[in-house]
Amino acid sequence: MTQSPDYSERPWMDPEAEPFIKVQSVSKHFGDFTAVDSVDLEIYKGELFCLLGGSGCGKSTLLRMLAGFETPSSGTILIDGQNMNDVPPYERPVNMMFQSYALFPHMTVEKNVAYGLKRDRVPGDEIEQRVSDMLAMVELTQFARRKPHQLSGGQQQRVALARSLVKQPKVLLLDEPLGALDKRLRDQTQYELMNIQEQLGVTFVVVTHDQEEAMTLSTRIAIMDAGRFMQIGTPTEIYEFPTSRVVANFIGNANMFEGRIIENGDDHVIVESKHPDCEFYIDHGMSIPEGTKVWVALRPEKVRISKDSPDNADSRTNMIKGMVHDIGYLGGSSTYRVQVDGDHLVEITSPNMLRPKEAVPPIDWDQEVYLSWDASSSVVLTK
Amino acid sequence: MSTPPDAVLPAEAGLREKALYWATHFLQNNWRKLVLFVPFAWLLLFFLAPFYFVLKISLAETTIASPPYTPMIEWVDEGIMHVRLVIDNFAYLWEDDLYVNTYLSSLKISSISTLLCLLVGYPIAYAIVRSSHTTKHILLMLIILPFWTSFLLRVYAWMGILADQGLVNDFIRWLGFEPLRLLYTHTAVYIGIVYTYVPFMILPLYANMEKLDWTLLEAAADLGAKPMTTFATVTLPMTAPGILAGSLLVFIPATGEYVIPDLLGGGNVLMIGRVLYNEFNANIDWPVASAVAIALLLVLVLPMMLYQHVQAKEDGLK
């Protein structure tokens, strides 16, 4: 008997699951400028989905179209099976948390949170109950009677969150939710946000330009550039298996080696690079012909650095010799920039596992070092 | 003032150099006080001094002399100072129905005019703020443009427009209807006041709305507020300071308005400005005219001070 796999954590893998939000070939033009260029997107119930990209990539426009502040120039947006194109913002089952928080300055915290419930004509005692529950959840009960300007940035952020969640929306849209907070508060709030999302089971769609934020928060990430999606996938997929150089460079750092496929086996490919002493052996098959120009991406933390030649049999495969050009000591780890073949710099991050006996680091400037990596560590990119 | 070190000034310096040096030194050390002195001096010279004279005259009696009122302080023989303050003028204002009615009528006309200015000015200010950068400047220019023509001339123009044989009635006759009596009615006065004072409503409203955070309106819509509700619960409270500033700027001068009721209202519209003019010029009763002015000031200033007091209290509670 075969057990059906558990998709509860990964609804996008479930072939039978119906997406909760469907964006179908949606475009948005502002005059001559195309902000969003015919994108398709499916977001499932309970996801914490991140739209990630630099400024002007169209992520905010897409979010505003979901909220109803912008209407698509073409295409349709479905939320819970309902076409949203002609539905005004005040009738949509979504709520938004604004980047600037947009708290009503003339109302107390309490009144701000109650605002949405009052519009729905919820009875007074129920409003009171739900508002106080919500304020308790964001730990702001004692600030209920304050005005927004009497609160700190972090507290304002939590009021904004409470206000947008109190109506129990089917979807919560968050525009740079942590953007205005300082680093320490951001880290802390990030986890609070994830807990709240898990607790309430609301679908979150988050817009952010901060890749670290996207990586920690999301179930899936869509990377946007120039109004289009570059890649959609889980943080792991996007980090470990980027499909293009843009994505590989956008999320984390990657060393890029230009090359040509010289052998394409069933379970491996071999790429010849510009560096005469180095050949890449990659243990995943590719459906592209031999001779194609490709790029091999190699993450800095997946490269080993040593003073001695590693003892593999073939010294040409997945290994390169170089000279230490720069060392960045970060305490827990060090970043080395190693010069190979003249001008090409390869970046390596390596944990400082051993405490050096003297103050002299084990690997020093201008030393000759060997860089090596596993067959599964690099990725072949065609664009 | 500190003494400048003598070493800086050469011993053989002439009077001119010394004076210049001292003046510069004084300015350098006291410019903060001097800057503050300017507005106080202005108020003293152009507000308090005239106010004192008017107050003094309002407490005097009419005589046939030049000036036509009794002096406040008289020196009787043997150095005895005789101060005479008469409050009869104020009592007279209260006893004579004409004055009370005129004050009430003035307040009514200026209140309604303020409300009309608000109803006309608010949408205009809103439209200006929401328009594109270039249009915005053109529209603001158009609001300010009428000030380039003499106010009196513009009121005369309205007489031409509203007269029995004027533009409006020509048009009504052309349509085939009975002409309306417009000039020398309350309607004409309202038209004149709203026309003249609406920029004073629009400009403070514009300044206030310009600073408004429009994402607040999106937030309200997002939370389920229909456009009208958003207006009532967010836009209106947020623009209240602008409404108040604009209303005061219209209400106060409109209450004391003289030219518009005189030219457009004729004898049919009672306003305090006209009464004041008549007391002063026709009756040559300076003390009563001054009492009228002082009473008007009290009528206008007291509610404002009350408002400021309440506002200050509220701010203190924050």
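In what follows, every chain begins at residue 1, and chains take the letters A, B, ... in the order their sequences are listed. Excluded from the calculations below are hydrogen atoms, water molecules and symmetry mates; all remaining heavy atoms, backbone and side chain alike, are included.
Atom OG1 of B/T233 sits about 6.5 Å away from atom NE2 of A/H106, to the nearest 0.5 Å. Within the model, atoms OG1 of B/T229 and NZ of A/K118 stand 13.0 Å from one another, a figure rounded to the nearest 0.5 Å. Interatomic distance, CZ of A/F104 versus CG of B/L216, reported as 6.5 Å (0.5 Å rounding).
The environment of A/F30 atom CZ is dense: over 12 non-hydrogen atoms of other residues, nucleotides or ligands sit within 6.0 angstrom. At most 12 heavy atoms of other shown residues, nucleotides or ligands fall within 6.0 angstrom of atom CZ in B/F37. By the neighbour-count criterion of 12 heavy atoms within 6.0 Å, atom NZ of B/K136 is densely surrounded, having more than that number from other residues, nucleotides or ligands. Around the CD atom of A/Q82, the shell of radius 6.0 Å holds no more than 12 heavy atoms that belong to other residues, nucleotides or ligands. Residue-environment remark: CH2 (B/W94) stays at or below the threshold of 12 foreign heavy atoms within 6.0 Å. Within 6.0 Å of CZ on B/F147 lie more than 12 heavy atoms contributed by other residues, nucleotides or ligands. Within a 6.0 Å sphere centred on CG of A/D86, heavy atoms belonging to other residues, nucleotides or ligands number 12 at most.
You'll find the side chain of A/Y90 stays beyond 4.5 Å of the side chain of B/T230, heavy atoms only. At a threshold of 4.5 Å between non-hydrogen side-chain atoms, the residues B/E218 and A/M96 do not count as touching.
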Evaluation steps, side chain to side chain contact (heavy atoms under 4.5 Å, CB included), between B/V234 and A/Y115: CA-CA 11 Å; B/V234 180; A/Y115 188 88; 3.8 Å; yes
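A donor-acceptor pair under 3.5 Å links the side-chain atoms of A/K167 to the main chain of B/L223, judged by distance alone.
Residues B/D222 and A/N95 come closest through the heavy atom pair O-ND2, 2.8 Å. The shortest heavy-atom contact between A/R119 and B/G224 is CB-O, 3.7 Å.
Heavy-atom distances place the side chain of A/M107, and not its backbone, under 4.5 Å from chain B. Proximity to chain B is absent for every atom of A/R146, based on heavy atoms less than 4.5 angstrom apart. Residue contact with chain B, scored on non-hydrogen atoms closer than 4.5 Å, is absent for A/L117. At a 4.5 Å heavy-atom cutoff, the contact between B/A220 and chain A is made by backbone and side-chain atoms alike.
Listed options A/G68, A/A67, A/P89, A/P88 were ranked by heavy-atom pairs under 4.5 angstrom with chain B; first place goes to A/P89.
In this structure, A/E91 does not pair ionically with B/K226, as no charged nitrogen and carboxylate oxygen lie closer than 4.0 Å.
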